[in-house]
Amino acid sequence: MSALRELYQEVILDHGKTPRNFGKPEHVTSESNGHNPLCGDTVTIYLEVKEGIVEDVGFEGRGCAISIASASMMTEVLRGKSVKEIGAMFKRFHHLVTDDDADTEGGFAGDFGGEDFEKLTVLSGVKEFPMRVKCATLAWHTMQAALKGDDQEVSTE
Amino acid sequence: MNAISAVSENTAFNVARWRADFPLLAEQVYDKPLVFLDSAASAQKPQSVIDAVSYCYEHEYANIHRGVYWLSQKSTEAYEQARVKVQGFINAASEREIVFTKGTTEAINLVASSYGGSELQAGDEIILSHLEHHANIVPWQLLRQRIGIEIKVAPIDEQGNFLLEEFEKLLSPRTRLVAITHGSNALGTIPPVDDIIRLSHARGALVLLDGAQAVVHGPVDVQALDVDFYAFSGHKLYGPSGIGVLYGKADLLKAMPPYQGGGDMIKSVTFEKTEFADIPGRFEAGTPHIAGAYGLSAAIDYVSAIGMSNIARHEQELLSYATARLQEINSLRLIGTADNKAGIVSFELDGVHAHDIGTILDREGIAVRVGHHCAQPLMERFNITGTVRASFGLYNNKADIDALVAALGAVREIFD
């Protein structure tokens, strides 16, 4: 598969066109805005967190296929996860889209997120496109800020 | 230095020869021939410019205006000859009206800080346009923070045309300065600068033109324009980055305080008092981009040998061709179809974000700019976050545009 096809897989294009969990959920306990000043992409992540567990999640924003798909796919794996688990998943995700040995068994990344995380590996094609890594990680950084209750807008720059 | 022989009537023949002068255009990316359509961001360099910069470092490099030795004399002469070359290129009345800067951005900051800071007062008004690059917005906002000027914005229409009548309504007795682009980097629009300058002067306001794009696309005569300040960069004119020009009328420059303090801008310094150098040295504190002046001089020789009018004609042909070819694509919307345009086409494709297009085009070897083009207020005007922009230089040809159109087909294939 060419690097482009690897990047723009059907699943990604589908999430890019029809994002899941798009919109503001009913009970939001924290939210955060993210912005990539290089391209003008924006994302808002909404979370409902109860006793350290993400009960509900949604997002809004505009951006490229990669950033919208990444945000959409992220929202599909967060429900029911603890804040700690999510932090570990984020590390693993970051590794996935930036580092070639993401799949190394027993490596740094570990197994956080289990089967749910496997769904995200479709985004690993991004690592061949260093200029696009920030598109894939914007939603994750913004979600982390929301979890920490940080009101500062997240910027990729 | 390779002189350019006479320009032939045959455009395709000429372009093939001009193209061969630019070594970088022979590069391959991802095993595909490079199609470079981003000259509005920064142009590639002809061999003569590369050689001139190398020549400086290999044979004549020393600091200027300081040493009494042979090398310093040679580099000083070359630096000052570059100033004379720029003077001739834009037809300034005197080489003393040519201030070397880092680029257009610094030139505009210089005027905002020095002229604006000393001549403008709280409540004075300046007029910008909706077409402006951030470099002609932010320096004025900094000045507003400093002294409390008012900034008004001249509107454009849906096609990106500058609305002269609306501009005229903004002129008031408090208007002191009008700072407008001479060619929009994002849309290509060329505003009616003759009328803008005439109307502004009639109301007693000075005019600064941001010529970063315009100076590349056709002849500029600052005396015929009667413009007060004109700013441009070397790197878009096929010269080095890090050197640019502020033209200012001599009597204006003479009355302006220094922009930065340092070496090379003084007559004498004591701890009590410093006497500043005359223009233009007063505005050139510190060691400048010496080799850059060699390169800029060579770049001006290069485009002058071809002829700015010939370059303009060629780019207009490319613009017409590109506009027609892109309009064949159903899902494509051109942003900016003003009556008077430079060789820039901006567009969006239905349902595909500009960054995704940029990535796919890149893998086809095509370099375009995607995003807001440092003109976010303009993007907001059209309610978009960005566009894909293809911009043409003297070395581009119809095959480059055909390659772009074909690659946009590949984008559709992936996204449909």
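By convention in this document, chain letters (A, B, ...) are assigned in the order of the sequence lines, proteins followed by strands, and residues within each chain are numbered from 1.
Each of B:Ile127, B:Leu143, B:Ile126 was checked for a side-chain contact (heavy atoms from CB on, under 4.5 Å) with B:Ile151, and the lone residue meeting it is B:Ile126.
Looking only at side-chain heavy atoms (C-beta outward), B:Val29 and B:Ile366 stay at 4.5 Å or farther from each other. Using a 4.5 Å heavy-atom threshold, the side chains of B:Phe392 and B:Ile401 count as touching. B:Leu408 places none of its side-chain heavy atoms less than 4.5 Å from the side chain of B:Ile360. Between A:Met73 and A:Val122 there is a side-chain heavy-atom pair separated by less than 4.5 Å. In this structure, B:Ile335 and B:Phe347 have side chains that are not in contact, with every pair of non-hydrogen atoms separated by 4.5 Å or more. Using a 4.5 Å cut-off on side-chain heavy atoms (C-beta onward), B:Ile108 and B:Trp140 make contact. Using a 4.5 Å heavy-atom threshold, the side chains of B:Asn136 and B:Thr181 count as separate. By the 4.5 Å heavy-atom criterion applied to side chains, B:Ile156 and B:Phe382 are counted as neighbours.
Along residues 232-243 of chain B, no residue comes nearer than 4.5 angstrom to chain A, judged on non-hydrogen atoms.
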Could you show, one pair per line, the donor-acceptor contacts under 3.5 Å between chain B and chain A?
residue  : atom : partner  : partner atom : Å
B:His353 : NE2  : A:Asp41  : OD1          : 3.0
B:His355 : O    : A:Arg132 : NH1          : 3.0
B:Asp356 : OD1  : A:Tyr8   : OH           : 2.8
B:Asp356 : OD1  : A:Arg132 : NH2          : 2.9
B:Asp356 : OD2  : A:Ala65  : N            : 2.6
B:Thr359 : OG1  : A:Arg132 : NH1          : 2.4
B:Arg363 : NH2  : A:Glu128 : O            : 3.1
B:His372 : NE2  : A:Pro37  : O            : 3.0
B:Phe415 : O    : A:Lys17  : NZ           : 2.6

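Distance alone, capped at 3.5 Å, is enough to place a donor-acceptor pair between the B:Ser391 side chain and the B:Ser39 backbone.
Contacts of A:Ile66 with chain B are made by both backbone and side-chain atoms, with heavy-atom separations under 4.5 Å.
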